[in-house]
Amino acid sequence: MFFGTLLRLLIERADDSGWSYRLFPVRDSETPEQELEPFRRECGQLDAAIEFCIPENIRQALLRNCPLPLSSCLFRLDAADLLEQAGRYLAKHGFRHPLALSPGRMPGLEHARLPAETEITLCAADPLSGSAEAYRLVRRHLAARPECDALIVLEDSLYVPAVQAAFDAGRRIPETLGLVTHVNRGVEPFFPLPLTRLEIDPAEVAGQISQELQARMEGRPFRYTPAKARLIPGRTCREQ
């Protein structure tokens with residue numbers, strides 16, 4: 001849902017700026033150059049390009065030989081800040097043994113400054129295994145560590161399997177398990193209570209991609225600023 005929202009925002013920015021645009025869909029293929037041929041035939045009529053969620057082999061072919069200024073549509077999240085905010089908030093509400101679930105090894109997590117009074121366990125789910133891996137990790141941890149009293153979900157795609165694993169392990173949110181989850185603004189997942197969440201605004205990401213594209217068209221360097229989340233209290237950490 002995040003990338004669907006991001007694409008809509010990029011199209012809205014193009015409209016507001018008076019830019020015209022074309023979408024070139026590609027499929028995962030053993031012949032990436034053939035997939036890119038429709039795009040390359042029209043490059044003479046285009047000023048720049050954004051590669052958006054395309055298969056890795058086609059992305060590499062595009063990076064090797066793109067005749068236009070190209071944005072790689074990177075989304076950098078300040079992972080350390082994400083974990084620090086969640087850790088401080090949970091400590092303030094009396095949670096001492098949280099499990100933090102991340103999608104793979106998020107760069108920067110090891111630099112997070114965590115409250116001394118808490119013991120946060122970091123657990124990385126294999127991003128290629130998806131929901132099943134996240135579910136197994138949470139179930140296994142809750143069985144091995146009954147003192148675990150909170151769950152931090154650092155990627156919204158892991159929210160559903162993590163919460164399902166907690167309920168299947170006999171935990172109840174927020175009575176016996178606190179919950180802080182990453183969400184993207186405008187696409188908050190369902191929960192019976194308002195979620196305590198770390199919210200990322202896709203509009204901020206769209207703004208940086210637009211700035212990068214403009215800089216590349218003008219031959220200027222551009223450096224992304226990692227997006228920071230905004231912690232929004234809900235009811236899943238026993239808030240009053």
Side-chain angles (χ1 to χ4, degrees), residues 1-82 102-109 125-131 154-158 182-187 199-230:
M1 288 189 290
F2 172 81
F3 288 102
T5 301
L6 181 58
L7 180 59
R8 174 179 58 79
L9 291 168
L10 289 170
I11 290 173
E12 288 176 359
R13 281 179 168 269
D15 289 338
D16 292 343
S17 301
W19 292 7
S20 59
Y21 49 86
R22 289 287 311 277
L23 299 177
F24 294 90
V26 294
R27 302 166 300 172
D28 196 0
S29 169
E30 295 181 359
T31 56
E33 297 296 338
Q34 183 176 327
E35 287 292 322
L36 290 169
E37 185 57 30
F39 162 71
R40 293 209 168 104
R41 282 200 303 266
E42 298 199 26
C43 276
Q45 304 174 43
L46 304 172
D47 297 307
I50 299 174
E51 61 98 350
F52 192 87
C53 297
I54 62 179
E56 184 60 25
N57 63 333
I58 298 176
R59 177 177 180 271
Q60 291 301 324
L62 184 63
L63 292 174
R64 285 194 301 269
N65 185 24
C66 182
L68 300 173
L70 176 68
S71 166
S72 293
C73 194
L74 296 175
F75 172 33
R76 292 194 175 96
L77 181 65
D78 191 331
D81 179 72
L82 199 73
S102 68
R105 304 292 178 184
M106 296 177 75
L109 275 185
D126 181 351
L128 297 178
S129 299
S131 298
L154 296 172
E155 167 60 50
D156 59 348
S157 65
L158 303 179
H182 160 247
V183 302
N184 294 297
R185 189 174 184 182
V187 289
E199 187 177 84
I200 293 291
D201 189 349
E204 179 183 343
V205 181
Q208 290 208 59
I209 293 170
S210 299
Q211 292 167 27
E212 181 208 13
L213 196 62
Q214 187 70 46
R216 291 190 180 280
M217 291 169 64
E218 297 171 0
R220 295 184 286 107
F222 181 82
R223 185 172 183 173
Y224 275 89
T225 301
K228 291 184 182 292
R230 177 187 173 204

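Positions are given from 1, in the same order as the sequence printed here. Here the structure is a predicted model, which means the values were calculated and not measured.
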Verdict with supporting geometry, Leu63 and Ser72, side-chain contact (heavy atoms from CB on, under 4.5 Å) = CA-CA 9 Å; Leu63 292 174; Ser72 293; 3.9 Å; yes
request  = With side-chain contact (heavy atoms from CB on, under 4.5 Å) as the test, would you mind laying out the steps for Gln208 and Phe222 before giving the verdict?
outcome  = CA-CA 9 Å; Gln208 290 208 59; Phe222 181 82; 4.1 Å; yes
key: Check against side-chain contact (heavy atoms from CB on, under 4.5 Å), Phe39 and Leu62   = CA-CA 10 Å; Phe39 162 71; Leu62 184 63; 3.6 Å; yes
Met106 vs Leu109, side-chain contact (heavy atoms from CB on, under 4.5 Å): CA-CA, chis, key distance, verdict = CA-CA 6 Å; Met106 296 177 75; Leu109 275 185; 3.8 Å; yes
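Glu30 CD: 12 or fewer foreign heavy atoms inside a 6.0 Å radius. Few gaps surround CZ on Arg8; more than 12 heavy atoms of other groups in view lie less than 6.0 Å from it.
From Leu82, atom CG reaches atom OG of Ser102 across 10.0 Å, with rounding to the nearest 0.5 Å. We find the CD1-CD distance between Ile58 and Gln34 to be 10.5 Å, quoted to the nearest 0.5 Å. One distance of note links CD of Gln60 with CD1 of Ile54; it measures 9.5 Å at 0.5 Å rounding. Considering OG of Ser210 and CD1 of Ile50, their distance stands at 6.5 Å, rounded to 0.5 Å.
Listed for the Glu35 side chain is no donor-acceptor partner under 3.5 Å among the backbone atoms of Val26. At distances below 3.5 Å, at least one donor-acceptor pair connects side-chain atoms of Arg216 with backbone N or O atoms of Leu70. Using modelled atom types, no side-chain atom of Thr31 and backbone atom of Glu33 make a donor-acceptor pair closer than 3.5 Å. In this structure, Ser17 contributes its side chain and Trp19 its backbone to no donor-acceptor pair below 3.5 Å.
Inter-residue side-chain proximity for Asp156 and Asn184 is flagged as met; some heavy-atom pair is nearer than 4.5 Å. Ser131 places none of its side-chain heavy atoms less than 4.5 Å from the side chain of Leu158. Contact check for Ile200 versus His182: side-chain heavy atoms found under the 4.5 Å cut-off. You'll find the side chain of Phe52 stays beyond 4.5 Å of the side chain of Leu23, heavy atoms only. Looking at heavy atoms from C-beta onward, Ile209 lies in side-chain contact with Val205 at the 4.5 angstrom threshold. Two residues are said to be in side-chain contact when any heavy atoms from C-beta on lie closer than 4.5 Å; Glu212 and Tyr224 meet this criterion. Between Tyr21 and Asp15 there is a side-chain heavy-atom pair separated by less than 4.5 Å.
A cation-pi arrangement is present between Arg22 and Phe24, with the terminal nitrogen or guanidinium carbon under 6.0 Å from the aromatic centre and inside a 45° cone about the axis.
With sequence neighbours left out, Arg223 forms a side-chain contact (heavy atoms from CB on, under 4.5 Å) with no residue at all. Applying the side-chain contact (heavy atoms from CB on, under 4.5 Å) test to Asp28 and every residue at least two apart in sequence or in another chain returns Pro55, Asn57.
None of Thr5, Leu10, Leu7 except one satisfies the side chain to side chain contact (heavy atoms under 4.5 Å, CB included) rule with Pro202; the exception is Thr5.
Ion pairing between a basic and an acidic side chain is recognised when a charged N comes within 4.0 Å of a carboxylate O; Lys228 and Glu204 show no such pairing. Remark: Arg59 engages Glu56 in a salt bridge, criterion side-chain N to carboxylate O under 4.0 Å.
Contact record, Asn65 with Pro67: O-CD, 3.8 Å, taken as the closest heavy-atom pair. Across all non-hydrogen atoms, the minimal contact from Pro69 to Leu213 is O-CD1, 4.3 Å. A pairwise comparison of heavy atoms in Ala61 and Arg40 identifies O-NH2, 3.4 Å as the closest pair.
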